[in-house]
Amino acid sequence: MTSADGSVTGSATDWHRSLLHNTLDGICIFDERKQVVEVNHRFAAMLGYTPAEMVGMHPWDWDTQFDEVALDARFPPLPEHGYTLESRHRRKDGSLYGAEVTLRHARIGERDVVISVTRDISARKRAETELQEARLLRDTIQDALPGVAYALDSTGHFRFWSPSFEQATGRTAEELARCNAVDLFEGADRALITERILETFTRGHSDAEAVLVAKDGRRATYYFTGRRILLGGQPVLVGAGVDIGARKQAEEHLRVLNEELESRVHRNTAELQNSYAKLRDTEFAMDSVGIGIHWVDCTDARFLHVNRFSATLLGYTPEELLQRTVPDIDPNFPLPAFRAITERIQAQGFLKFETQQRRRDGSLVPVEMTVYHQPATDSAPARMISFMVDITERKRAEQALQEAKAAAEAANVAKSSFLANMSHEIRTPLNAILGLNHLVQAGPLLPEQAERLRKMQVASRHLLSIINDILDLSKIEAGRMELDADNFHLSAVIDNVASIIRESARGKGLQLQVDSDHVPLWLRGDVTRLRQSLLNLAGNAVKFTEHGGITIRARLLATEGEILTVRFEVQDTGIGLTEEQQGRLFRNFQQADNSTARQYGGTGLGLALTRRLVEMMGGEVGVRSALEMARARPFDLILMDMQMPVMDGIEATQAIRRLPAYAHTPILALTANAFAEDRRACLAAGMTDVLTKPIEPALLYQALARWLPAQPAPAAPSASGLAPLDALRRIPGVDVDQGLRYINGRADRYLRILGRFAESHGDDVPRLEALLARGDRVAAERLMHSLKGAAGTLGLTALADCAARLDVLLKDAQALVQPHPDVGALCRELAAHWARLHGTLQQLGEAAADAA
């Protein structure tokens, strides 16, 4: 507004806003919650926002170096003069730029605020980088010069020199600064250098060879060059020198060598004649043992030399064969093929292969060729030297062997076909026996009759299962087994097998567990054969396990597009196997114990059939047993049962102690023998302690606490003085008490597991974003499913809830085609939860390190 006398007036607020929005610097005002309350147009333009868009934002929304936790840790109350730092800001479009930020505390009205003044220093940073690169380039070129570099004024005094010049002259920088160039030479060289310096300043360039004399008397011949340039308006000689002493010595050495060479030529001529005579003797030996020799031109495949055997084998004389080429005698190598294999031999040095060569009468003879490449010399072009052997007899033997193999395979197929037919023939009356047995059991029977019929039924079904295994094995060997590929639910295999063996396992007092959480529920393959294979393994586990339990497990090993590699396992606490037993476990009609007095029955067909079925489905089958677990991975403590059937506890302990990694691992014996001599035997075998059955839980826990390795101490209190658990409780969405319940209230263990969780899942957010970017929704869903379970167990409720919602959205079939609009928002929410948790864990770690 304008006053009555014409002067310009206005409120202080208008002046402040005018200054705020017209300055060239970016200005932003934050309240006590670090929210933007006002921003000028310059700063909003720097970030690509409008001022209205930025109101309510926080510094960490654009500053890449500070999140909320880091900002609180780095900036307590600001000093009166403010604080200036350099950082990097992210624009709205995601691009980055360098920024210089000055922060200052202020009070506006009744409010305490922080004012930041920001300058875009991208251009300055680029200029500094370019200047540093230019200096680096200059210094690198200077250091890379093979000799010395220098600059002289018109009086011959040094203006500049390279570090290598100080080494060459043996003088310090102070000495060179006071030195004239001609002082580094003596005699005629001193006069020559004086003349060439003058010539450079008059003509513009010159060069010279002279001996440079170092301070300690060392002498070296250098080749010097000089060019005149203007520096600050004054002429300056810029030059370089290269030590040519080695070249001079080489020239002298070459002169001596030339003299020696002439004398050697005379000697070598005589030696060559002698070598030729020896070559003829060698060819005679080759002819005698039936080895052909060819020298062949690499370009046109002409024979340059042949021995007598190579010509006689094909029905020619050596002179006649020299008139032909390789394509004339070898139908497998027309000229293009010859040139191709020549290039291959040149690259490898030599090549060994089989081919056929045509005799004069047109018949073919099989030969084995070993061909070497001999590079060109001054006196001869490059050539191939080949050694040829007639392999007619070997080929006849191989043919006979193939025919015998085919006959054996035909016999095996006939045998399999016979077994299949016999299995059908036996199964028909056996089905009748089972049917009649069922009908008889339906009528009135005496108890002893019912028991006999039941035993008959059990024996008949056992015989039927054997016949079925023989039939399946015969079909496989005869090539008549066909696999079906259909989509099936994982529970159709895992849960079905578990339900079949559950009663027999329960009858033996065994615990049965199923673990398949990390494998997709829908798979594709032959569900019948997969179930049959897994049932064979599970049935064996029940048969050979007396105490403990059985676990049926599925693990996802790899994913390549739509192809999944899944590992199915059956783990038991049974009798174990020796290495020799493991080696023959999956063979036809083989058992771990083949003796007639064996404890466990069976034909040995079940596991052999499993192996064949698994191999037909493109998989592999194997077994791991008593010491393999110890070799596979380290254990903190081993509980050793003394009564094991294959290798007792004493033998197993002695074997484990021989493993390098288990020399000092605690091994606790579990035994029903309470005598002192039994305890002494255990300790003498290398065991650490002995527990007597039946074991009381309290005594077991005491022993574990005594012998398990000491665990790391819990994290030190946070920087704010709160205990670690209290600091975690302050994070929204973290239920510490729930996590403590999972590990029986052990705070130190909870913090340790939480640290491992952060290491294992810390990159889940960028992995999720990468999977979504390339459209792999299935893998993204599996990732969130895993995060949901792990986070929920530890009481990280916000993370678990966010991951669960993403899991549900990504499971939706439509998500495979069109992403749900909430996915992006949930990803950002997940990232925010992670940032808060990670910042607190990092603070706790730093505090623990400081305390240590």
Side-chain angles (χ1 to χ4, degrees), residues 130-268 378:
E130 291 173 358
L131 180 59
Q132 292 174 352
E133 291 175 348
R135 290 174 178 171
L136 177 62
L137 178 62
R138 183 199 66 189
D139 294 342
T140 302
I141 292 174
Q142 175 180 303
D143 293 340
L145 287 174
V148 298
Y150 49 85
L152 307 175
D153 61 18
S154 58
T155 65
H157 286 85
F158 288 101
R159 295 278 302 275
F160 163 82
W161 58 87
S162 63
S164 57
F165 199 74
E166 297 176 11
Q167 299 172 3
T169 62
R171 289 170 168 81
T172 64
E174 292 76 10
E175 291 174 326
L176 285 175
R178 299 191 301 269
C179 183
N180 193 288
V182 298
D183 296 336
L184 304 178
F185 302 91
E186 296 177 350
D189 286 344
R190 184 183 182 95
L192 175 64
I193 293 301
T194 302
E195 175 188 337
R196 296 300 166 86
I197 291 175
L198 179 60
E199 182 179 346
T200 303
F201 279 102
T202 55
R203 297 180 52 190
H205 62 87
S206 68
D207 57 4
E209 284 187 15
V211 176
L212 182 69
V213 181
K215 183 179 180 180
D216 59 5
R218 289 180 291 110
R219 297 171 179 270
T221 304
Y222 273 77
Y223 173 70
F224 296 101
T225 61
R227 294 292 184 272
R228 182 190 63 203
I229 65 171
L230 290 178
L231 190 63
Q234 298 296 322
V236 175
L237 183 153
V238 178
V242 179
D243 187 345
I244 60 172
R247 191 191 76 186
K248 290 290 188 180
Q249 293 178 355
E251 290 174 351
E252 177 62 19
H253 185 60
L254 181 61
R255 184 189 63 78
V256 174
L257 286 179
N258 286 334
E259 293 177 354
E260 292 180 356
L261 183 61
E262 292 181 2
S263 63
R264 288 181 182 179
V265 169
H266 298 293
R267 294 196 302 269
N268 290 344
D378 293 338

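Along the sequence shown, the residues carry numbers beginning at 1.
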Inset, instruction - Indicate the atoms forming the closest heavy-atom contact of Ser164 with Gly147, along with that distance. - result: OG-O, 2.9 Å
Legend entry - Ion pair check, Lys248 and Glu252, cut-off under 4.0 Å: no
Inset, instruction - May I have all residue pairs that pass ring pair (Phe, Tyr, Trp, His ring centres under 6.0 Å) and include part of residues 182-206, sequence neighbours excluded? - result: Phe185-Phe224
Legend entry - Gap separating the CG atom of Asn180 from the CD1 atom of Ile197, nearest 0.5 angstrom: 6.5 Å
Legend entry - Sub-4.5 Å side-chain heavy-atom contact between Leu184 and Arg171: yes
Inset, instruction - Return the orientation label for the Tyr150 and Phe158 ring planes: parallel under 30°, perpendicular over 60°, tilted otherwise. - result: perpendicular
Legend entry - Nearest-0.5 Å distance that lies between atom CG in Asp207 and atom CD in Glu199: 8.0 Å
Inset, instruction - Could you walk me through whether Val148 and Tyr222 pass side chain to side chain contact (heavy atoms under 4.5 Å, CB included), step by step? - result: CA-CA 10 Å; Val148 298; Tyr222 273 77; 4.2 Å; yes
Legend entry - Closest non-hydrogen atom pair, Ala168 against Ala214: O-CB, 3.6 Å
Legend entry - Carboxylate-amine/guanidinium proximity below 4.0 Å for Arg247 and Glu251: yes
Inset, instruction - Quick one: pull up CD in Glu209 and CZ in Arg196 and give me the separation to the nearest 0.5 Å. - result: 10.0 Å
Legend entry - Exercise: identify the closest heavy-atom pair between Arg159 and Leu231: NH2-CD2, 4.0 Å
Legend entry - Pairwise distance CD(Glu195) to OG1(Thr200) - rounded to 0.5 angstrom: 10.0 Å
Legend entry - Non-hydrogen atoms of Gly226 and Leu237 that approach each other most closely: CA-CD2, 4.3 Å
Inset, instruction - Check the pair Asp183, Arg190 against side chain to side chain contact (heavy atoms under 4.5 Å, CB included), reporting the backbone distance first and the verdict last. - result: CA-CA 8 Å; Asp183 296 336; Arg190 184 183 182 95; 3.3 Å; yes
Legend entry - Rounded distance [0.5 Å steps], OG1 in Thr169 versus CG in Asp216: 9.5 Å
Legend entry - Distance, nearest 0.5 Å, that separates OG1 of Thr172 from CZ of Arg178: 6.5 Å
Legend entry - Partner residues of Arg228 under the salt bridge (charged side-chain N to carboxylate O under 4.0 Å, His left out) criterion, sequence neighbours left out: none
Legend entry - Donor-acceptor pair, side chain of Asp189 and main chain of Val211, under 3.5 angstrom: yes
Inset, instruction - State whether the side chain of Thr221 and the backbone N or O of Ile244 hold a donor-acceptor pair below 3.5 Å, judged by distance alone. - result: no
Inset, instruction - Of all the heavy-atom pairs spanning Ala220 and Asp243, show the shortest one and how long it is. - result: CB-OD2, 4.1 Å
Legend entry - Pairwise side-chain contact, Ile229 with Pro235, heavy-atom cut-off 4.5 Å (strictly under): no
Legend entry - Heavy-atom pair with the smallest gap, counting every atom of Phe165 and Ala149: CB-O, 4.3 Å
Legend entry - Within-4.5 Å side-chain heavy-atom neighbours: Gln234 and Asp153: no
